[in-house]
Amino acid sequence: MNLRFVRYHAYNCFQTQAILSVVLNQNENVELGSTLREFKDFTASFPPALKGVAISSSEPIKKAHNAFGRTDAFLNDGKYVARHNQSDEVYHFVAYVPHTDGNVYELDGLQAGPIVVGEYAEERNPPKSTKWLSVAREAIQKRMQGDAIKFNLMAVTKDKRLGLREKMEADPTDGSLIHHLNMEEEKRKQWELENERRRHNFVPLCISILKELARAKELPKLVDESKARKRQKLTGKKTK
C-alpha cells in the first residue's frame, strides 16, 4: 500500500494519532477490524490535513481515546478538558514505521509530511522482518541525545495472548504456556482496574473525609502536621 501520513490537529491527542500512524501503515496481513478498515479506505485519497480532520471527527476513535483520557474531577458532568500550552507542541508523540519501499519513515503531526530516516532492506522485504528496527533505533537515539529524560519510548506490538494461544494449540499439555497466558489475562484485568481508578472522581470522597475530620476536630491538627512536614522537607532541600 502507499504510505499514508496522518496529521492530527488536536494536540492533546497525539498519542492516538501516533498509534493510528503505526497501525494504518502496516502491511495487508494486519487485521484492522471493521472500524479502522473503513476509516482507512474512506480517507485513502485525503490530503494530510483532511485526514487529521477525519480522525477528530470519527466518533468511534474519539470514544476509544476518551476511554483513557482524564476527566476534570471538579466538573459534575465529567467533561474532558484539553490543556493547551506552549509545551503541547514540544512534548508529543511521533511514530516510526517501515515501508515496503525499503525505507523507515518518521511520522510527525507537526511536520509537513513523512520523513525518511534511513533504509533497512531491499524492496519487498518480508513483512515480519525486524531489520528496520536498527534504523529506527539509531534515529531515536539521535533524538534522545542531550536530554534523554524527556523521552518515553513505546511500541505497538502483537498481543502476547495471541501467540501463547497459538502455541497452546500446537502443544496443549505445556503447563508453562498456560501459566504465562493466565499471567497475561490477570495483567489485563489489573490494567482495566487501574484505568477505572484513574478516571474515577474521588473529590466527593475526599470532601466527605475532610468533613468527618473537621467534625471530629482532627482536621486542624492534621493540617499543622502537614505544614510541619512540608517545612522540614523544604529545609532539607535547601541544606543539600
Let me have the donor-acceptor pairs involving side chains of residues 215-226, under 3.5 Å, with sequence neighbours excluded, atom names and distances please.
| unit_1 | atom_1 | unit_2 | atom_2 | d |
| --- | --- | --- | --- | --- |
| Arg215 | NH1 | Glu212 | OE1 | 3.2 |
| Arg215 | NH1 | Glu212 | OE2 | 2.6 |

**Message:** Could you check whether Arg165 pairs with Glu185 (Lys NZ or Arg NE/NH1/NH2 to Asp/Glu carboxylate O, under 4.0 Å)?
**Reply:** yes
**Request:** Compare every heavy atom of Val203 with every heavy atom of Asn201, then report the nearest pair and how far apart it is.
**Result:** OD1-N, 3.0 Å
**Asked** Do Val117 and Tyr96 have side-chain heavy atoms sitting under 4.5 Å apart?
**Response** yes
**Item:** Spacing of CG belonging to Leu181 relative to CE belonging to Met168, to within rounding of 0.5 Å
**Value:** 5.5 Å
**Request:** Report the distance from atom CZ of Arg229 to atom CZ of Arg231, rounding to the nearest 0.5 Å.
**Result:** 11.0 Å
**Request:** Report yes or no: does Ser56 contribute a side-chain atom to a donor-acceptor pair with the main-chain N or O of Val53 at less than 3.5 Å?
**Result:** yes
**Message:** For the CG atom of Leu234 and the CD atom of Gln232, what is their distance to the nearest 0.5 Å?
**Reply:** 10.5 Å
**Request:** Evaluate side chain to side chain contact (heavy atoms under 4.5 Å, CB included) for Arg161 paired with Met183, printing each intermediate quantity in order.
**Result:** CA-CA 10 Å; Arg161 294 174 298 178; Met183 288 180 60; over 6 Å; no
**Request:** Answer with yes or no whether the side chains of Ser21 and Gln17 bring together a donor and an acceptor at under 3.5 Å.
**Result:** yes
**Request:** Sequence neighbours left out, what passes side-chain contact (heavy atoms from CB on, under 4.5 Å) with Asn182? Give chain and number order.
**Result:** Ile178
**Nearest heavy-atom neighbours spanning Val23 and Leu36** = CG1-CD1, 4.1 Å
**Prompt:** When you look at Gln111 and Val94, which way does the side chain to side chain contact (heavy atoms under 4.5 Å, CB included) test go after all the steps?
**Reply:** CA-CA 10 Å; Gln111 302 298 327; Val94 298; over 6 Å; no
**Ion pair Arg197/Glu194, N-O distance below 4.0 Å** = no
**Request:** Please identify each residue that fulfils side chain to side chain donor-acceptor pair (under 3.5 Å) with Ser176, with sequence neighbours left out.
**Result:** Asp174
**Message:** With rounding to the nearest 0.5 angstrom, report the OG to NZ distance, Ser58 to Lys63.
**Reply:** 11.5 Å
**Prompt:** Does His99 offer a backbone N or O that forms a donor-acceptor pair with the side chain of Tyr120 under 3.5 Å?
**Reply:** yes
**Prompt:** Measuring from Ile19:CD1 to Phe93:CZ, what's the distance to the nearest 0.5 Å?
**Reply:** 8.0 Å
**Test item: Lys211 and Ile207 side chains (from C-beta on) under 4.5 Å apart, heavy atoms** = yes
**Message:** Tell me the closest heavy-atom pair linking Phe39 and Thr43, and the distance in Å.
**Reply:** O-OG1, 2.8 Å
**Prompt:** Excluding sequence neighbours, so at least two apart, what forms side chain to side chain donor-acceptor pair (under 3.5 Å) with Glu186?
**Reply:** none
**Item:** Note, Leu32 side chain near Leu24 side chain (heavy atom, < 4.5 Å)
**Value:** yes
**Asked** Short question: side chain of Ser208, backbone of Pro204 - any donor-acceptor pair under 3.5 Å?
**Response** yes
**Request:** Tell me, with the steps shown, if Ile55 and Lys51 meet side chain to side chain contact (heavy atoms under 4.5 Å, CB included).
**Result:** CA-CA 6 Å; Ile55 294 175; Lys51 286 181 180 179; 5.5 Å; no
**Item:** Note, His180 side chain near Lys160 side chain (heavy atom, < 4.5 Å)
**Value:** no
**Asked** Can you tell me how far the CG atom of Leu153 sits from the CE atom of Met144, to the nearest 0.5 Å?
**Response** 7.0 Å
**Request:** Name all residues meeting the side-chain contact (heavy atoms from CB on, under 4.5 Å) criterion together with Lys187; count only those two or more places apart in sequence or in a different chain, and write none if there are none.
**Result:** Glu184, Trp191
**Message:** If you define the side chain from C-beta out and look only at heavy atoms, does anything of Leu20 sit under 4.5 Å from Ile61?
**Reply:** yes
**Message:** Do Asp159 and Arg188 make a side-chain contact, defined as non-hydrogen atoms from C-beta onward lying under 4.5 Å apart?
**Reply:** yes
**Message:** Let me check something: do Leu205 and Leu213 share a hydrophobic cluster, defined by ILVMFWY side-chain heavy atoms less than 4.5 Å apart, either directly or through other members?
**Reply:** yes
**Message:** I'd like to check the side chain to side chain donor-acceptor pair (under 3.5 Å) partners of Arg137; sequence neighbours left out, ordered by chain and number.
**Reply:** none
**Prompt:** Can you get from Leu133 to Ile115 by hopping between Ile, Leu, Val, Met, Phe, Trp and Tyr side chains that sit under 4.5 Å apart?
**Reply:** no
